[in-house]
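Presented below is the structure to which this report refers.
Sequential numbering from 1 along the given sequence is applied to the chain's residues. Each ligand, and each atom within it, is numbered from 1 in the order the structure gives. In this text the structure is predicted, and so the values were computed from the model without any measurement.
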Amino acid sequence: MAPPGAAEEEYVSGAQLIAEALKTQNIEYMFGIVGIPVTEIAIAAQAIGIKYIGMRNEQAACYAASAVGYLTGKPGICLVVSGPGLIHALGGMANANMNCWPLIVIGGSSDRNQEIMGAFQEFPQVEACRLYSKFSVRPSSLEAIPAVIEKAVRCSIYGRPGACYVDMPGDFVNLQVNKSSVKYVKCCLPPPVCTAEHSAVSEAASILAHSRQPLLIIGKGAAYSRAENSIRKLVDQCGLPFLPTPMGKGVVPDNHPNCVAAARSRALQHADVIILFGARLNWILHFGLPPRFRPDVKIIQVDICAEELGNNVRPAANLLGDINAVTEQLLEQLVLMEWKYPSYSEWWKGLREKMKSNEETSKALALQKSLPMNYYTVFHHVREVLPRDCVLVSEGANTMDIGRTMLPNYLPRHRLDAGTFGTMGVGLGFAIAAAVVAKDQTPEQRVICVEGDSAFGFSGMEVETICRYNLPVVIIVVNNNGIYSGLDADSWKEMLKSGEPTACAPPVCLLPNSHYEQIMSAFGGKGYFVKTPEELQNALKASLAEKQVPSLINVMINPQSDRKQQDFHWLTRSNM
Ligand code: ADP
């Protein structure tokens, strides 16, 4: 409230200041769960034209906000209540930071005059968020709110993108200040585009030109930096083989003839020169070390983060800068050198042979007629019906790993999965984010969310959110009755005879034949329970034809279905 006698229009509340500051920074989407003390912030944000999506758990809200950051290059906002609300969001913050995605979490906190008194949901929130963010702060006054929001937005997108936290004491939310005392700031400038040192570019081009078995690795940093055109030009112009990481898929389409994903192990193991475009040498890339890589492999790292260069492997050349800009620099140099990698090399021949044999093995598994289906059969039949431009969200163990190899991506930033942190439970939040952005930017686009049954369980109640906002999402639950594997209904019954399930149910098991599709129908969406390839394709076609109603297809597969034999299943504990 404005002081007695003062003109109302000269005063502004903390909630309004936050909403206005976010709007000034061109923020479009806010996800969250309202309650004391943040409800007014959500209302003010919506009133000023920021889209507000109310979720069912702060963790899923935070995953959704971070996916908006990855998809649009501008941070999504996650609005949470104090204490437990903020703690639920920490998972999403950690996930965003690990993936290098911009995100801003705004957390309500207890009133300042009750601090250290055991206030309702009191918690040291700024300190708690420090470990999960690039920047964690509480504005010192209402007047400082616009500057703090600008700094949070700027930090989240400048340099290596990441998560930021802004703390909002409850008493700030409704407190009013005179507008004349507020330190208003403009929208921050877009992130500066930095190029690599000329000498490093020449060195890298020369190393590449002397390679016998070159390979490009395209990571999600390349997708985030919107380097699709320049990297595509490099691949085409120089005739280079490339391998996308899970979320690097689609920067250059998976069906490009130079994509060697089907010979991944061979390509990694024998390449003598590798250019890494926005991908870290972490567990996903087996740390860049033998036996998955040659001991003498020359690695050229392209990254925006100087501290990343040299992690685990000493690079042959460091190209510090924006991927798109650096790729253009490299192209320029290679054009001057008139260099092209020969398509008739032994390296290409070996890679093509390996791709062919691996593809044949997957195809044989996919065409098996036995029921219940295996993973390969499911994905083969999904692939036949999948729209080319859909956003694919995927999580689970085998569901995600096998799905990655079987479900193609043709466009950049069209795949969202468990990512660097291997987080289960991200799927529905990601799907909601992708669908909300699609509704605004590409209204015909569909979001297909392929979930393991265990992964779906982490955030299954977000189906209500999907139905409430009528989002164009098709969820496919690949149901094997468990985590990694499960029991069929008969074996489950048999097992129950031997004692209490807490004593004898295998820890990997979930309830057999669960009807997850009924969660969707409970909220007005369409649910399908399918057991055969024909039923699966019919359900998917019907779901895609139905533009207005979300759907969930529960696909029963063999609970013992597994992935095909791998060349390597060790060194890292994951098979990615
Ligand atoms: P992946 O999971 O696909 O292997 P990572 O998340 O490990 O990818 O790596 C992404 C990398 O991309 C990070 O090291 C990050 O610093 C980098 N990156 C993000 N944006 C840019 C950009 N615009 N230019 C260069 N590098 C970037």
Side-chain angles (χ1 to χ4, degrees), residues 66-67 69-75 94-103 134 155-163 190-197 200-201 204 215-231 242-252 254 261 264 268 274-288 292-293 299-313 315 318-330 394-395 400-401 404 409 412-423 426 572 574 576:
S66 70
Y70 174 62
L71 294 172
T72 67
K74 270 187 286 180
N95 190 63
N97 231 27
M98 292 287 178
N99 280 310
C100 314
W101 291 356
L103 162 75
K134 293 175 77 178
C155 278
S156 76
I157 54 177
Y158 275 36
R160 170 181 272 174
V193 177
C194 32
T195 51
E197 258 182 289
V201 176
L215 178 69
L216 308 181
I217 296 182
I218 304 174
K220 65 178 174 298
Y224 179 80
S225 82
R226 291 172 155 65
E228 49 267 21
N229 293 337
S230 53
I231 292 184
F242 75 90
L243 181 70
T245 65
M247 278 193 260
K249 270 162 68 76
V251 169
V252 182
D254 280 346
R264 183 179 188 273
L268 291 180
I274 292 178
I275 310 189
L276 268 186
F277 289 103
R280 284 166 283 182
L281 291 175
N282 55 19
W283 64 279
I284 290 183
L285 286 172
H286 323 285
F287 314 109
R292 303 297 300 261
F293 286 72
I299 294 197
I300 298 164
Q301 254 181 304
V302 186
D303 206 291
I304 205 162
C305 174
E307 290 88 336
E308 187 56 42
L309 306 170
N311 274 345
N312 299 331
V313 168
N318 281 330
L319 299 179
L320 177 64
D322 174 71
I323 295 172
N324 193 34
V326 172
T327 309
E328 293 288 357
Q329 286 180 288
L330 258 178
S394 184
E395 63 171 334
M400 183 173 72
D401 291 350
R404 188 183 68 243
N409 284 93
R413 299 170 295 282
H414 278 55
R415 179 181 166 86
L416 297 163
D417 67 21
T420 308
F421 214 20
T423 310
V426 291
T572 62
S574 158
M576 283 183 101

- Query: What protein heavy atom is closest to atom 24 (N) of ligand 1, reported as residue, atom name and distance in Å?
  - Reply: Ile323 N, 3.0 Å

- Quick note on ligand 1: atoms under 4.0 Å from a heavy atom of Cys305 include exactly 16 (O)

- Of Val313, Asn311, Asn318, the residue whose pairing with Pro315 passes side chain to side chain contact (heavy atoms under 4.5 Å, CB included): Asn318

- Any idea which atoms of ligand 1 are less than 4.0 Å away from a heavy-atom of Thr245? 1 (P), 3 (O), 4 (O)

- Message: With a heavy-atom distance limit of 4.0 Å, tell me whether Arg160 approaches ligand 1 through its side chain, its backbone, both, or neither.
- Response: side chain

- Message: Under 4.0 Å, heavy-atom basis, I'd like to know which part of Ile304 is in contact with ligand 1: side chain, backbone, both or neither.
- Response: both

- Among protein heavy atoms, which lies nearest atom 16 (O) of ligand 1, and at what distance? Asp303 OD1, 2.6 Å

- Query: Under the criterion side chain to side chain contact (heavy atoms under 4.5 Å, CB included), which of Thr420, Leu285, Asn312 is the partner of Arg280?
  - Reply: Thr420

- Message: Is there a polar contact, in the sense of an N or O pair closer than 3.5 Å, between Asp322 and ligand 1?
- Response: yes

- Task: For Gly321 and ligand 1, answer yes if some heavy atom of the residue is under 4.0 Å from a ligand atom, otherwise no.
- Result: yes

- Counting heavy atoms only, which of Gly278, Cys100, Cys194 is nearest atom 10 (C) of ligand 1? Gly278

- Message: Any carboxylate oxygen within less than 4.0 angstrom of a Lys/Arg side-chain nitrogen, looking at Arg160 and Glu308?
- Response: yes

- Item | Sequence-distant partners of Asp322, side chain to side chain contact (heavy atoms under 4.5 Å, CB included), two or more places apart | Val193, Ser225, Asn324, Ala325

- Task: Run through Val302, Ile217, Ile300 and flag the one making a side chain to side chain contact (heavy atoms under 4.5 Å, CB included) with Leu276.
- Result: Ile217

- Item | pair Arg264-Leu243: side-chain heavy atoms closer than 4.5 Å | yes

- Query: Hey, what's the ring geometry for Phe293 with His286, parallel, tilted or perpendicular (30° and 60° as the breaks)?
  - Reply: tilted

- Atoms of ligand 1 less than 4.0 Å from Gly219 heavy atoms? 3 (O)

- Query: So, is Lys220 polar-close to ligand 1, with some N/O to N/O distance under 3.5 Å?
  - Reply: yes

